[in-house]
Each structure stands twice: as C-alpha cells, then as structure tokens.
Amino acid sequence: MVSDAELNVVVMGLGYIGLPTAAVIARTGARVLGVDVTESVVETVNSGRVHIEEVDLDGLVSGVVARGTLRAASVVAPADVFVIAVPTPFADDHQPNIGYVLQAATSIAAVLKAGDTVILESTSPVGTTEQVRDLLATLRPDLRVPGRTGEQADIAIAYCPERVLPGRILVELIDNDRVIGGITPRCARKALTFYRRFVRGACVTTTARAAEMTKLTENAFRDVNIAFANELSLVADTLGVDVWEVIRLANRHPRVNILSPGPGVGGHCIAVDPWFLVAADPEHTPLIRTARLVNDGKTDHVIEKAAAMIEAMPGISAACLGLAFKADIDDFRESPALKIASALAARFGPRIRIVEPYADALPAVFEGTGARLTDIDAAIETCGIMIVLVDHDLFRSIPLQERASTTVLDTRGIWPDQPAALPDARLRLAS
Ligand code: SAJ
C-alpha cells in the first residue's frame, strides 16, 4: 500500500463538504488536489483562504496549503483516489439532477488508470454509483470496471455518503461512523482502506445501493420527525397551548423524543433529499411526501402570522432576526428564514429591518423592497415587533428587560420568558 506521503488524492468540488474533506485528507500528509469549476474558489484556496464559514476550517486550510499538501485547480490531474463531492440539486418537479456527478466522472475518466479508486460522496438517488460505473466503462473501454467482469476489475468504485453537520464538520468528518458501499465487496474494502487514514469512527461496508439509500433515509427520518413537531406547533397554536412546554413535558417519557418546531426546514440536505426517495417510488412514500409538505407549509404559516401581526400595528417597524437556515452558520441555502423575511419585505418594504450577523449585505432578493440590514442593538431600539427566525447565539443572549415591551413572534422558542403581548387570539403564536 502507498504511504500517506505518496498518496495522491483528487477531490472534485470544493464546497461545504469537498473543501473540509480535502483539507482533512491533506493533513494526513497525502497530496491533495481540489478541483472546482469556479475560478475564484480555486484562487481563494490556493492563497490559503476559505470561501465558506466553518469552525476552524480557515486555520486548517491555510496550514495544509502552506505545507504544500493541498492545492486547487480547475482541471483534474491523475491521482490514486478520486472523491466526488459536487452538488446534486433537484429540479422544480422534485426530480433529482445528477448532471454534476456525471460531469465530474467524465473529467475523471480522462485521467483514470488501473489501480485507481473512485468514490462518490454526493447525496444521490439510488443507482447513481452504478451510473457512474457505466459512464466510466463507456468512456474508458480499455479499463475493466467492477461488477461487469466479476471481481476482476482494474479500478474500484464506491459510494460513501458524507454525514457531517454544518458547524461541526471538521469534528464529524473524523469521528462519525462511515457507511461504505462498494459496487463489489472488493471495491468497498479498497475504499475502506482509504477512509481508515483519517476516520476514527467505525467504517461499515455494504453495497453501493444500500449506502445510497441509507443516506437518503437518514435525512428523511429527520424531516419526518421535524414535521411531527411542526404539526404539533400548529395544533398547539389553535388550542392556545405552549408547544415548547408540551414537547418538554412529553420528552420526559423514556421512549419519546420530539424534535423542535421552527419556521420550516432549510439547508441543502433535509429539505431536498427526501424528494429523492419520493421520486424513486411515489406510490409508496405518502408519509415522506407529506412531511415535506408539512415543513414547507409551516413556512407559509409563519409568513401569514407575521404579516397579520405587522398589519395590526401600523407604522411600527418589524425586525426579522436571522436569515440563515439554522443557528450560528452563514449558509442561506433553502432557508425558511430567508423566504419569510423576503416575503415580509416584499409586502411591508421599509418597515422591515433584517438582523443577520452572518451577512455583510442583504441578499439580492431584498433589492428594491426598501427593507434594510441593521444590527441587533439598533433593532432593539427602533423595532416594536421582533420576528425570531433563527436561533443564533446573539439573539438568545438578549435578556427579557431589553424586549419586554416588544411584540414578539418567536418561531424557535428561544425566549420562553417572553410575555404574551397579543390579547387578540388571531395573533397568538405558540411557535
Ligand atoms: N430543524 C428544526 N427542528 C429540529 C432540528 C432541525 O426545525 O429539531 C431545522 C433546522 O433549523 C434547519 C433544518 O432543520 O433548517 C436542518 O438542520 P439540521 O441541523 O437538522 O441538519 P443539516 O441540514 O444541517 O444537516 C443534515 C444532517 N442530517 C441529519 O442529522 C440526519 C447531517 O448529518 C447531514 O450530513 C446533512 O444533513 C447532509 O449533508 O445531508
């Protein structure tokens, strides 16, 4: 086996997963080339800086770039292991789009040689790794691909989903267990040897198809459970009960563990991946589909609640606290907070102030609305209404005395001591 210093790794895609993965592998001493189609990303990484916010990532990247074990480029080069970490978005009809994965595989095909390993990490519909294998077989008829020629293959192909939590990526990349699905058992073992270089968690092998479905299952599980909490929040709202208290009390039961309601589900994973399962078998996925609709519906519900509150208090400014899809990160992808704040800005224009410690400027969607970005201190001074959309630490830390006279819509349950300001039952909001 090649030693770390001799191992050459290519990571395709330098995004939220690809860049931390490339940096962690480079820290082991392997020579890593990160490939990205965006020129500015390549330049940023090569200068030892990062284009995404993630705890400790800046220090790690500057270190491995300075040591010469990580560099970036826009074209692929020969290597021993290729890791594909590109996006797999879905189209408007919720059908998954694996175009970037196939593009990455096409680039890899040009430099592939016998003995190489190709690993797909992108969240993908079941069968994608086999499609990658078929594409490589077509593009490189000179190489024997696995699963088509018995165990006799020149290259190994596996699926190993990333399963890290934004904000804890560098820790979870090392500590989490990994599911490694090979096109053949031999492929799985080859990929396992690679992950063992930097993963401390257990590495469990299976088939590529099972590993693909495992990843989708994890995120659908979470989505369904959050939908349950969000549905409860609506019922509690109707009944005039505090949903947070009910959940706290119910969770004292040893076999009950209800998640937290919120303004909807965001991010590039949980709000997206369940659709891959639904698209694969629409007839047998009513629960997963409904959970998606419940979570998206919760966002619309919050928009209506907030709009009613703002309408009921003419002339008063309203602060939307947070745009990110969850606490203490700078990621606005699929963010329900962004959707709610921009809908309110479109309706109420200059009466809306946005507070987002992770933004230097408002995203383009606010252009022309008259809504303004402001800091939390100014919002406390000038806004009679506060709509909590993200549970950033900065917002949690505001003591009651600074918000006691403010009308609050707290979608994250961060201020349990907030007095109910609205006598009108129409405007009461439990979540
Ligand atoms: N949310 C709630 N209530 C909760 C928990 C979360 O409303 O009780 C919301 C969050 O505010 C956010 C969304 O759900 O809008 C998703 O947040 P998250 O922290 O649950 O998950 P992600 O999207 O940051 O990361 C998930 C993780 N998957 C699981 O926990 C099963 C992560 O491990 C995956 O690697 C990641 O998706 C991914 O890339 O697939």
Side-chain angles (χ1 to χ4, degrees), residues 13 15-21 52-55 85-90 96 120-125 159-173 175-179 201 211-234 243-244 247-248 250-251 257-277 288 291-292 294-299 301-302 321-340 388-392 395 410-414 431:
Y16 280 88
I17 301 302
L19 181 56
T21 303
I52 50 177
E53 182 84 20
E54 177 61 37
V55 178
V86 297
T88 44
F90 65 49
L120 177 60
E121 286 208 4
S122 312
T123 303
S124 300
Y159 181 74
C160 179
E162 58 79 14
R163 35 172 34 177
V164 290
L165 200 69
R168 284 180 45 82
I169 292 181
L170 291 181
V171 175
E172 295 204 356
L173 267 179
D175 286 343
N176 287 3
D177 294 353
R178 298 297 292 245
V179 177
E212 287 163 340
M213 184 158 167
T214 301
K215 169 69 186 179
L216 302 179
T217 301
E218 290 164 3
N219 284 349
F221 171 87
R222 200 144 165 92
D223 197 44
V224 169
N225 282 277
I226 297 169
F228 179 70
N230 278 333
E231 191 162 288
L232 283 181
S233 74
L234 301 184
V243 70
W244 307 99
I247 291 175
R248 232 179 1 259
N251 281 349
N257 185 13
I258 303 167
L259 295 180
S260 304
V265 169
H268 187 60
C269 312
I270 294 181
V272 177
D273 303 351
W275 287 120
F276 291 12
L277 285 174
I288 297 171
R292 270 291 61 246
V294 167
N295 285 333
D296 284 349
K298 181 66 192 290
T299 306
H301 176 83
V302 172
L321 303 193
L323 295 177
F325 86 84
K326 66 177 192 176
D328 303 318
I329 60 168
D330 72 338
D331 192 341
F332 299 171
R333 290 178 297 175
E334 313 286 330
S335 171
L338 181 63
K339 191 175 169 202
I340 293 162
V388 180
L389 298 174
V390 185
D391 42 346
H392 287 320
F395 306 148
D410 180 4
T411 70
R412 296 282 186 175
I414 62 169
S431 64

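Small disclaimer: the values here were computed from a predicted structure and weren't measured. Counting convention: from 1, in listed order, for ligands and their atoms alike.
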| request: Could you point out which residue of V243, N225, I226, I247 forms a side-chain contact (heavy atoms from CB on, under 4.5 Å) with I258? | output: I247

| Which residue and non-hydrogen atom of the protein lie closest to atom 25 (O) of ligand 1, and at what distance in Å? | L165 CD1, 3.7 Å

| message | Main chain of G167, side chain of D328: is a donor-acceptor contact present, judged purely on distance under 3.5 Å? | response | no

| said: With heavy-atom distances below 4.0 Å as the criterion, list the atoms of ligand 1 near E162. | reply: 35 (O), 38 (C), 39 (O), 40 (O)

| field | Selected option - heavy-atom contact closest to atom 4 (C) of ligand 1, from S260, C269, A324, P263 | value | S260

| remark: Under 4.0 Å from one or more heavy atoms of V164, ligand 1 contributes atoms 32 (C), 33 (O), 34 (C), 35 (O), 36 (C)

| query | Taking the side chain from E121 and the backbone from Y159, do they hold a donor-acceptor pair closer than 3.5 Å? | reply | no

| Closest non-hydrogen protein atom to atom 13 (C) of ligand 1, residue and atom name please, with distance? | G266 O, 3.6 Å

| query | Taking atom 21 (O) of ligand 1 as the point of reference, which of N295, I270, L389, V390 owns the nearest heavy atom? | reply | I270

| query | So is N219 polar-close to ligand 1, meaning N/O to N/O under 3.5 Å? | reply | yes

| message | At less than 4.0 angstrom from any non-hydrogen atom of L259, what atoms of ligand 1 do you find? | response | 8 (O)

| query | Could you give the distance from CZ (R333) to SG (C269), rounded to the nearest 0.5 Å? | reply | 6.5 Å

| message | I want to confirm something. Looking only at heavy atoms, which of R168, K326, E121, H268 is nearest to atom 17 (O) of ligand 1? | response | K326

| task | Using a strict cut-off of 4.0 Å, indicate which atoms of ligand 1 neighbour a heavy atom of P166. | result | 24 (O), 25 (O)

| Is the backbone of P166 close enough, under 3.5 Å, to the side chain of D331 for a donor and an acceptor to pair up by distance? | no

| task | Run the contact test for K215 against ligand 1 with a 4.0 Å cut-off on heavy atoms, strictly below, and give the result. | result | yes

| field | Side chain to side chain, E334 and F325, heavy atoms closer than 4.5 Å | value | no

| message | Taking E231 first and then K298, would you say they form a salt bridge - that is, a charged N and a carboxylate O separated by under 4.0 Å? | response | no

| message | Go through it in stages, so that I can follow the logic: the residues are E53 and I329, the test is side chain to side chain contact (heavy atoms under 4.5 Å, CB included), and I'd like the CA-CA distance, side-chain angles, deciding distance and then a yes or no. | response | CA-CA 7 Å; E53 182 84 20; I329 60 168; over 6 Å; no

| request: Apply the test side chain to side chain contact (heavy atoms under 4.5 Å, CB included) to residues T299 and I340: give CA-CA distance (whole Å), side-chain angles for both, the deciding distance (0.1 Å), then the verdict. | output: CA-CA 7 Å; T299 306; I340 293 162; 3.6 Å; yes

| query | Among Y16, F325, F221, which one has a heavy atom closest to atom 15 (O) of ligand 1? | reply | F325

| message | So if I count the atoms of ligand 1 from 1 in the order they appear, which ones are less than 4.0 Å from some heavy atom of I226? | response | 1 (N), 2 (C), 3 (N), 4 (C), 5 (C), 6 (C), 7 (O), 14 (O)

| Heavy-atom nearest neighbour of atom 5 (C) of ligand 1 within options R412, R333, R222 | R222

| said: Measuring from non-hydrogen atoms of G267 to any atom of ligand 1, is the shortest distance under 4.0 Å? | reply: no

| request: Side-chain contact test, heavy atoms from C-beta onward, threshold under 4.5 Å: evaluate it for T123 versus E162 and give yes or no. | output: yes

| note | For E218, the atoms of ligand 1 under 4.0 Å from one of its heavy atoms are 31 (C)

| Any sub-3.5 Å donor-acceptor pair from T411's side-chain atoms to G262's backbone N or O? | no

| query | Identify the closest protein heavy atom to atom 33 (O) of ligand 1: which residue and atom is it, and at what distance? | reply | R163 O, 3.3 Å

